[in-house]
Amino acid sequence: YHMQVNQQDVLDVTMCPSEHEVPGFSLFNFTPRKILWKESPCFVIEMMKDLGFIDTFRIKIDTLARFVLYVKKGYREVPYHNWQHAFSVAHFAYLALKNFQLVEKGYLSKLEALAYFVSCLCHDIDHRGTTNSFQQQSNSVLASLYSSEGSVMERHHLSQTICTLNTEGCNFLDSLSHDDYVKCLDLIKDMILATDLASHYKIHAKQLNMAQEGFNKTNAQHRYYLASLLMTCADLSDQTKDWTETKKVAQLIYAEFFAQGDLEKKMGKEPANMMDREKASIPDHQLEFLRQCCVCIFKILATIFPSAKVLVNAIKQNILCWESSKRIFDKYCVEGKTSYEVLTSEE
Ligand SMILES: Cc1nc2ccc(C(=O)N[C@]34C[C@H]5C[C@H](C[C@H](C5)C3)C4)cc2n2c(-c3ccccc3Cl)nnc12
Ligand SMILES: [Mg+2]
Ligand SMILES: [Zn+2]
């Protein structure tokens, strides 16, 4: 683990001009993918300053800058699960913290808010663009390490996060009290493991129940369900943006899925339909995913935070767009094009 981040890079980030006043930056319809890759580390620092973390936790900026640069280097150049995804997920955490006033209204403690933001930034570190089931199928090193506990990739992302914190000059949490430090790492563990979508499906009913009963701040289970919900919403936040963004993100996700499918075919394995570029019907699969998974999760969020209603509406809008683009897909697919060719062709 000897990737070097040079001192000049660290200085550039610590000196980032605070006039990063990008109009609409803290609104739900802002698309963080438009932030320049080179400037993104500065924006991470700006968001943490704006959220009050620097003062509350006496964070040294140059240590934080080095941590952020190592985390950014820790992401691979895969189509979807790259640094840009991490940055966009952390940006949603920033939006949620500000717009739902999660700390001000007592939903999260300041320490939980810090853990939430950091977990979003780190939740997919060193992702290879392949799924947990692929780790088992291919008997990867990560599977041999973690498959007995499940959530193979997520356990690896957590391990990479801890390793980065323990890298020389990167532990920006070292001014926390011992108890707060242990508590923070515990929270980061729960939050990163919560991003395994298979785990989300297991607690979805309980989260719905919690929202209907009414969130109880003194109930530890409720706090755990809310933290998990906030992680899943951040991870899926691309789906709450406008159609152009949603379509662009779908191209990246399926580029990853189909690359895995191609690999599985080479390994003599039969890929799942959603991974097979010859069989997948992208609009159908996306309509199912948005209707079965996304809308439900953001409706629970909107039950607790009424201002999240706009996010549910954005997803419903994207469902309509997938339905109308499905008609176009069906026409072209009759002519023998695969749905990926249609998705990536300029309309
Ligand atoms: C737009 C969009 N579509 C997506 C369609 C499908 C799936 C997906 O993993 N489905 C499942 C379906 C069942 C039960 C579990 C395990 C497996 C079997 C595979 C989940 C994810 C999708 N996804 C994600 C995303 C979120 C978290 C981790 C990885 C990813 Cl890729 N982020 N955006 C999207
Ligand atoms: Mg993940
Ligand atoms: Zn993710």
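Note that ligands are numbered from 1 as they come in the structure, with each ligand's atoms numbered from 1 the same way.
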**OP:** Under 2.8 Å from the Zn ion (ligand 3), how many protein N/O/S atoms do you get? Just the number, please.
**Re:**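 If we list every protein N, O or S atom nearer than 2.8 Å to the Zn ion (ligand 3), we get 4.
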Subject >> ring pair (Phe, Tyr, Trp, His ring centres under 6.0 Å) between F67 and F172, worked out >> reply: CA-CA 7 Å; F67 174 79; F172 69 99; 4.7 Å; yes
Subject >> H85 and H123 aromatic centres sub-6.0 Å >> reply: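 Yes, the ring of H85 comes within the 6.0 Å limit of the ring of H123, centre to centre.
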Subject >> Polar protein atoms near the Mg ion (ligand 2) [N, O or S; cut-off under 2.8 Å] >> reply: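 Near the Mg ion (ligand 2), the protein supplies D124 OD1.
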**OP:** Going by the side chain to side chain contact (heavy atoms under 4.5 Å, CB included) test, name the single residue among E278, K279, R277 that passes it with T338.
**Re:**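 Of the listed residues E278, K279, R277, the side chain to side chain contact (heavy atoms under 4.5 Å, CB included) partner of T338 is E278.
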Original post:
Crowded around K299 NZ? As in, over 12 foreign heavy atoms under 6.0 Å?
Top reply: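 Check fails, neighbour count at 12 or below.
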Subject >> Protein non-hydrogen atom found under 4.0 Å from atom 4 (C) of ligand 1 >> reply: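 Answer yes: something from the protein, a heavy atom, is under 4.0 Å.
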**OP:** Measure from atom 18 (C) of ligand 1 to the protein's non-hydrogen atoms and state whether any distance is below 4.0 Å.
**Re:**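 So far as the 4.0 Å threshold goes, atom 18 (C) of ligand 1 is out of reach of every protein heavy atom.
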Pick one of side chain, backbone, both or neither for how [X] approaches ligand 1, counting any non-hydrogen atom pair under 4.0 Å.
X	answer
E256	neither
D196	neither
T131	neither

Original post:
Rest of the hydrophobic cluster containing L263 (Ile/Leu/Val/Met/Phe/Trp/Tyr, side-chain heavy atoms under 4.5 Å)?
Top reply: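 Grouped by the 4.5 Å side-chain rule, F134, M267 form the rest of the cluster around L263.
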**OP:** State plainly whether the residues D330 and K326 are in salt-bridge range, i.e. N to O under 4.0 Å.
**Re:**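 The answer is yes: the pair qualifies as a salt bridge.
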**OP:** Begin from the C-alpha positions of Q212 and T303 and carry the test side-chain hydrogen bond (donor to acceptor under 3.5 Å, both in side chains) through to its verdict.
**Re:** CA-CA 7 Å; Q212 286 165 341; T303 310; over 6 Å; no
When the side chains of residues 145-152 are checked against the rest of the protein, which donor-acceptor pairs come out under 3.5 Å, sequence neighbours left out?
unit_1: S147; atom_1: OG; unit_2: A143; atom_2: O; d: 2.8
unit_1: S151; atom_1: OG; unit_2: D196; atom_2: OD2; d: 2.7

Original post:
If you measure every N/O of T195 against every N/O of ligand 1, is any gap under 3.5 Å?
Top reply: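 N/O-N/O distance below 3.5 Å does not exist for this pair.
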Subject >> Heavy-atom gap M274 to ligand 1 smaller than 4.0 Å >> reply: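 Per 4.0 Å heavy-atom rule, M274 contacts ligand 1.
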